[in-house]
Amino acid sequence: MSFSDQEIEEFKAEALELLEIAEKSLLALDSGAEFRPSFDAIFRGFHNLKGAAGMMELMELQAHTHELENILMSFKDGDSIPKPYISLFLRGIDGVKSILDGQKISFNYKMEQSTQVSPAQVQVTKVSEVPALALDEFVCECEEVIERISVGLQQLENGSYTSDTVDALYRDVHSLKGGAYLFSFSLVGDLAHAMESSLEKIRAGGHLPSTALINCLFKSIGVIESLIQRIKQKAPDKDFASIVSAIIRALNLSAEKLESRPTQKKEPEVETVSVVTPKEKESENEGTASIRVSVSLLDNLMALMGEMVLVRNQVLQYSNKSEDMEFLSMSKRLNAVTSEIQGEMMKTRMQPIGNVLNKFNRVVRDLSQELKKSITLNFHGADTELDKSLLEAIKDPLTHIVRNSCDHGIEAPEVRRKHGKSETGTINIKAYHEGGQVVIEVSDDGKGLHTDVLLRKAMEKGLITQEQANKLTEKEIYHLIFAPGFSTAAAVTNLSGRGVGMDVVRTNIERIGGTVEINGAAGIGTSIKIKIPLTLAIVPALIVKCGEGTFAIPQVKLEGLLRIDQSNTENRIETLHGALVYRLRGNILPLVDLNKVLGIETNNKIIDDNSIITIAVLNAEQCSFGVIIDEIHDTADIVVKPLNRLLKSLKVYSGATILGDGSVALIFDVVGISKVAQLGQENAQNAELDIQSEKARKTADLQDFLLVRLNSPAKHALALAYVNRLEEFKRKDIEYSGSQRVIRYRDIILPLVSASEHLGYASRKVESETFPVVVIQRSGQLFGLEVDEILDTLSTTLEMDTSLIPHPGIFGNLNTSEELIVVINPFELINREFPEGKIASVKTDNGLRILLVEDTVFFRKSMKHLFEERGYEVVTAEDGKEALDILNEHNQSFDLIVSDIEMPRMNGFQLATNVRKHPVFSKIPMLAISSRADKQYQTEGVKSGFDIYLEKLKPSVLLAAVVELTTKTRNVA
Amino acid sequence: MNTKQNTIEQLTTFYIGSDLFGIEVMKVQEVFRNPSVVPVPLAPNFVRGLINLRGQIATALGLRELFGRPTTELSDQMSVVCKIDGNLVSVIVDSIGDVVEVDGNRFEAVPETIPLNIRRYIKGIFKMDGVLLSVIDLDQLSKELSPAMESLN
């Protein structure tokens, strides 16, 4: 007799269901559920399975289940199943699953006396053949258990525990052990076993946990956590063996040393207990009534939900035109039901933020020990719910913020005492809903933010100039923390390191459509406020009209709407140096005409005294601005559809959506608009991408030059990046060191080099009282380059023409539309007077090889020069493709790849991705240098494999990065 | 490329002016007249705009504009919708021709004299009787238009 596929499938489904019931009941028994009902359920499960297996003529299965049933029957009259047997039955169930999957098993039904289940007994299949699904669940389960154990250990540590807590802890450790051995993860099992035995004394009463023991327990659970991660990634865990055995020894030792004290157990505060226990009960109950569903299924449902919302919107719009009452009421009903489904659907992906926050207990605990600070962490609103993917996305940024608070925020206890604060610092994390968003506030009562310290640091790092610093508002100063390059270097401690700066925190939050704000009064504390949307797929938006087009503005970015009557002379739009502004609540709000930004031709949009103007006030990266729009249409929940890369690169759109009437609307990228608008209308119109022109990309790099006058008819230029300062000295201050003319300058002696003289021009006769000097740094030493006059700066995308180099010290020529500008190489000029060798320069290790990838001739030459000067051997490539060819063809090894981003044929990102994938070269450190340094590029750069992403700037910064990267590899090697 | 062997390939053909172009029939999802296109301000001129294709958004590319020819009114035009790597691309053309079967033997590379801005989007030329048929390189088109790297999720 044979069975159809369908019959077999049905049988399997039935069997799995039965197994599920049996398994659940077994586990319930294990955690102390009532015996009789669970036993009956298990028995029924096995019995029915046996019957079904017989029906299907699956002899092996029938025999297996029969055997299990027999063993089970021996406990029929008792009131419990011993734990080893529960494990046996659980293994038996896995055996059934293996048979169902068509595998052969050999099963040991004998129960040995030892309580320890040794992995050797489980010979169902090889470990690697553990069904993936079961393994996933095991990992999932473990993560939950570890979480619980962590919480339990903390209670143990701060003394707020009862015997129930210890019992729960013991049970959790035990089940961790059982599960680990079942899957033959012996390291986890052994460790859990050691934890279990060390807890036994405490559980039995009469012993109080010692600090040493608790620390060991924490360490163990930490290692188990890492091991589980390894299992999850299917990575080997052999290297952990020695750590594990060391910890086990330490555990045993500290357990032995436990002082036996009379059982005058502290009566814990009732509150803590009552908080914990009911919650656990609750989640247990939920557990029995819930199922695991794969996230991808939920994602699909979400996507379909989005479509459904669209259809609903279309029906509603259509029904408004209809007179048919029946249809109208039906569409109303459809509307209501859809909204309800949408709400419920959202909930399926929602998880309490507490899931993430609980992890911080550990983080703060470990850090406070390490830093010898005393810190308490409080949560409010841990049950605030949030989309699962968002929850994942905020985990790292939040961890970073919390670490920062511990490390930089909270002061050491003695400092706190001195300032009259309690020695224990507090970090509060508050989560709540507000206006369709989730707000998470992390605040500490630490030293707060000192604006002067921030400013100094920002200036040291070259992020701002003194001039800019004077103009910044308090809020803007705080936000310097988010500037790229601000925090990474500042974080010299290993704690806030991890390679994540606050700029990455902000980028990550903004990527999911959120915003970050920071506030902090010096001496009182810092508070960081993160606002994130509830979900990603469907966003509320304002629909506006502009020209002929319809656009959507996400509500998150919308601060308000203004309607301005220009006939009202008190409160109207004013013009300031040609730009439109509006006085909003005492502040000047810059205005942007959307039509202009978008390059839409308008015929009648002249603001006169009678017009009434609508303004949407938007928020982009902490600055507010108003956009003038033609018409406000509606508000709607829109489904975001991604745009292709070409359109995304226009910067002003974040996506597109389909409106209720079926028309397409573009969704504005508010941050992008603010950026485009600040470039001025001229640039916005030039922003038209011409992808057909290869040249446009090639010259995308903007170079800044300083224009100077020498004793020659032609203008001369030198790259601004080389310039350290511009000074003016008095002639009479010139002194002589031997024959060398020098100037005393800021405690050092500045040698003077005449540019004219070294370029072969006659030196100028006319002696004015003062003369301008360009201060240039070479190898850490300053030199003064004498010029006749400092003219201007020039930003250009022109390629340098190097075909004509009449004199050493000249890089080449810039051919502008008006004139020819000679680009000089100041280093070569200095070298003529002071050959590199003469100076005790800080030469770096020689013999290191750099592959330099750069399409712009000027940068290629000057960087090559810069590196060679430092003793590096430099090979250049004009684009990513050539670089790869060089790597491949010559099979050469390089110590570092320095690459531009914007290049023809293959850009820097692609190059990095390719290198990282390459079997041989994947380990070469990579440094990106680009004139594009916005967040998106930086993140992308790091994602594609660059170790460091730098803006094209000062050579000293570049060299520092090069040294850092090359020494790193050296040390590793 | 398989086309070099003795394979028979089916192409959907269409015209721009009097020039004949083709796309592999299997890659074409649908063809319709007079597409309703929402323009995208600031986009390059060959991006005619976005089309709502039953709830999906397609990007409309004007082949005329892409090849640097004078643009025409959309109302006279046809949209050839192709799905490339999950992206919907509507190629806007003047008029639709027949579906033709071509012989791989008659396939030839694009002559070097064709300007690069056209050549890069053309896979090769089929020598038909009395007319040359240029095969559009959809992969190249899609490369230029592949979805933004950091789309949602």
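Worth knowing before you read on, the calculation uses all heavy atoms, side chains too, and leaves out hydrogens, waters and symmetry mates. First the proteins, then the strands, lettered A, B, ... as listed; each starts at 1.
For the atom pair CG (B/Leu42) and CG (A/Leu598), the distance works out to 5.5 Å, reported to the nearest 0.5 Å.
Annotation for A/Tyr318: atom OH does not count as buried by contact number, only 12 or fewer foreign heavy atoms lying within 6.0 Å. For NZ of A/Lys881, the number of neighbouring non-hydrogen atoms (other residues, nucleotides, ligands) closer than 6.0 Å is 12 at most. Counting non-hydrogen atoms of neighbouring residues, nucleotides and ligands closer than 6.0 angstrom, the CD atom of A/Glu548 reaches no more than 12 such neighbours. More than 12 heavy atoms of other residues, nucleotides or ligands lie within 6.0 Å of NZ in B/Lys27, so this atom counts as buried by the packing criterion.
Among A/Ile658, A/Val652, A/Thr550, the residue making the largest number of heavy-atom pairs under 4.5 Å with chain B is A/Ile658.
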> Could you walk me through whether B/Val37 and A/Val664 pass the side chain to side chain contact (heavy atoms under 4.5 Å, CB included) check?
Replying inline: CA-CA 8 Å; B/Val37 172; A/Val664 179; over 6 Å; no
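Across all non-hydrogen atoms, the minimal contact from B/Ala43 to A/Leu650 is CA-CD1, 3.6 Å. Between A/Tyr653 and B/Pro41, the shortest heavy-atom contact is OH-O, 2.6 Å.
With a 4.5 angstrom heavy-atom cutoff, A/Thr657 touches chain B only via backbone atoms. For chain B, no part of A/Val311 is nearby; none of its heavy atoms comes within less than 4.5 Å.
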